[in-house]
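Counting convention: from 1, in listed order, for ligands and their atoms alike. Just so you know, these numbers use all the heavy atoms, side chains as well, and skip hydrogens, waters and symmetry mates.
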Amino acid sequence: MSSTNDKPWLLILGANSDMAIACAKRYAKEGFNIYLASRNQTECKKTAVDLRIRYSTEILSLTFDATDFSSHESFYANLPAKPKGVIVAFGMMHEQLESQQSFKLTQNMIEVNYAGAVSILEIIAADFEQRLFGFIVGISSVAGDRGRQSNYLYGSTKAALTAYLAGLRHRLIFSDVSVLTVKPGFVATKMTAGLDLPMKLTAQPEQVAETIFDAVKKRKATVYVKPIWRLIMLIIIHLPNFVFHKSKL
Ligand SMILES: NC(=O)c1ccc[n+]([C@@H]2O[C@H](COP(=O)([O-])OP(=O)(O)OC[C@H]3O[C@@H](n4cnc5c(N)ncnc54)[C@H](OP(=O)(O)O)[C@@H]3O)[C@@H](O)[C@H]2O)c1
C-alpha cells in the first residue's frame, strides 16, 4: 500500500499511551500522516478511525510489541513509506515494592523501557543516519535522574534509556538527525490513574504533545514538560548523601 498524499509520516510506538494519542493529534493537525503502532489493535483502530475523521489525513494502525525483539527488523522494513520522525511512547511502570519481590516485573520494565527502545531505535537510527534526516523522540522520565528508594527499579530503566538517547544524539548529530529526550514529570494518564498526584506538578497529555512538537522544531536535546521539574531534579541530584539518605524520596 502506498500513500494517497505526499505528507510526511510520523511513527508512534506505543500508540495507546495517552501521551501518544495527544502527540498523534498534534502532528496530524500539522499535516502528518501517522502510523499508530501498538500491541492492542482494538484500541488502536478506534483511535485511527477517530483521527482520520478529525484531520483528513492517513492514519494506519500496526501491530508492534516492544519485547518481540526479533520482529523489529521486519516491522520497520515493511512500513509502506519510511517515516520522517518517530516517537517512542511505550513504557511500563510496575509498583516498586511488588517489583522488588518479583524479578519478572522488573524484567518486564527492563525489556520494555530499555531493551525494547534500543532494539527498535537502532534499526530506525541506521535508516535515518543513511538518508541524513529525521527526528527521534524518546519519552524517558525524571525518575531516571537519580536512583531513589521509592522507585529505583522503574527509574533505573529510564536512566538507561536517557543515557542511550544521549549517546544516540551524539552519534546522529553528524547526520543531521535530531534526538529529543522527554522528561515529563507527572502526567495524568492511565499509568498514573491510581496515584494521588499534586496538581501543580502534573501535566496533561496535550501539554506533553505541545512540548514535544515545539522541542522537535527547535531541535532541542532534552526537555522537561513542566519547567519546575528541571529545578526539582537539580536539587534532588545535588542533595548530599547525608541528607538524601535520611529522606523518604
Ligand atoms: N504518566 C506519567 O506520569 C509518566 C511520567 C514520566 C514518564 N512516563 C513515560 O511516558 C510514556 C507514556 O506513558 P503514559 O503515561 O502515556 O502511560 P500509558 O497510557 O500507560 O501508556 C503506556 C503504553 O505503553 C504500552 N506498552 C507497554 N508494554 C508494551 C510493549 N511490550 N509493547 C508495546 N507497547 C507497550 C502500553 O500499550 P498497551 O495499550 O498495549 O498496554 C501503553 O499504551 C512511558 O514511557 C512512561 O514510562 C510517564
Side-chain angles (χ1 to χ4, degrees), residues 11-26 35-48 61-72 75 86-96 99 104-121 136-145 148 150-151 153-162 164-165 180-209 211-212 222-226 228-230 232-233:
L11 170 61
I12 304 187
L13 299 164
N16 286 326
S17 133
D18 295 326
M19 291 188 219
I21 294 170
C23 289
K25 289 180 179 164
R26 185 64 187 88
Y35 294 120
L36 296 174
S38 153
R39 296 181 298 183
N40 182 339
Q41 283 304 294
T42 314
E43 276 308 306
C44 214
K45 283 187 173 147
K46 276 192 220 157
T47 309
S61 178
L62 305 167
T63 301
F64 174 81
D65 185 335
T67 60
D68 187 4
F69 309 121
S70 61
S71 70
H72 291 177
F75 168 82
V86 57
I87 298 178
V88 172
F90 57 76
M92 201 48 110
M93 183 176 72
H94 297 295
E95 212 270 319
Q96 169 70 23
S99 306
K104 261 190 180 314
L105 297 180
T106 300
Q107 184 179 8
N108 177 244
M109 293 194 284
I110 294 168
E111 289 187 354
V112 175
N113 300 350
Y114 179 62
V118 172
S119 169
I120 187 65
L121 283 181
I136 292 172
V137 178
I139 305 188
S140 192
S141 173
V142 298
D145 285 1
R148 290 173 288 116
S150 59
N151 73 344
L153 290 170
Y154 169 77
S156 59
T157 66
K158 291 299 194 179
L161 177 63
T162 298
Y164 168 76
L165 292 168
L180 172 68
T181 305
V182 184
K183 297 184 181 178
F186 298 139
V187 186
T189 66
K190 292 195 289 290
M191 186 178 273
T192 53
L195 306 177
D196 185 19
L197 302 178
M199 285 254 293
K200 285 207 166 128
L201 297 181
T202 305
Q204 296 303 314
E206 294 70 27
Q207 196 178 352
V208 178
T211 303
I212 289 176
T222 299
V223 70
Y224 288 78
V225 173
K226 278 191 173 271
I228 183 76
W229 276 104
R230 188 182 287 277
I232 293 171
M233 294 319 296

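Not a single ring-ring contact (aromatic ring centres under 6.0 Å, His included) links Y114 to another residue, sequence neighbours left out. When the ring-ring contact (aromatic ring centres under 6.0 Å, His included) test is applied to F186, the partners found at least two apart in sequence or on another chain are W229.
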Distance-only donor-acceptor hits, side chain of residues 61-70, under 3.5 Å, sequence neighbours excluded:
unit_1 : atom_1 : unit_2 : atom_2 : d
S61    : OG     : Q41    : OE1    : 2.6
D65    : OD1    : T67    : N      : 2.8
D65    : OD1    : T67    : OG1    : 2.8
D68    : OD2    : S71    : OG     : 3.4

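Within a 6.0 Å radius of NZ in K104, other residues, nucleotides and ligands contribute 12 heavy atoms or fewer.
Counting heavy atoms from C-beta outward, L161 and T157 have side chains that stay 4.5 Å or more apart.
A distance limit of 4.0 angstrom between heavy atoms and ligand 1 selects the residues N16, S17, D18, M19, R39, N40, F64, D65, A66, T67, A89, F90, G91, M92, V112, I139, S140, S141, Y154, K158, P184, G185, F186, V187, T189, K190, M191, T192.
The two atoms that bring V187 and P205 nearest to each other are CG1-N, 3.9 Å, heavy atoms only.
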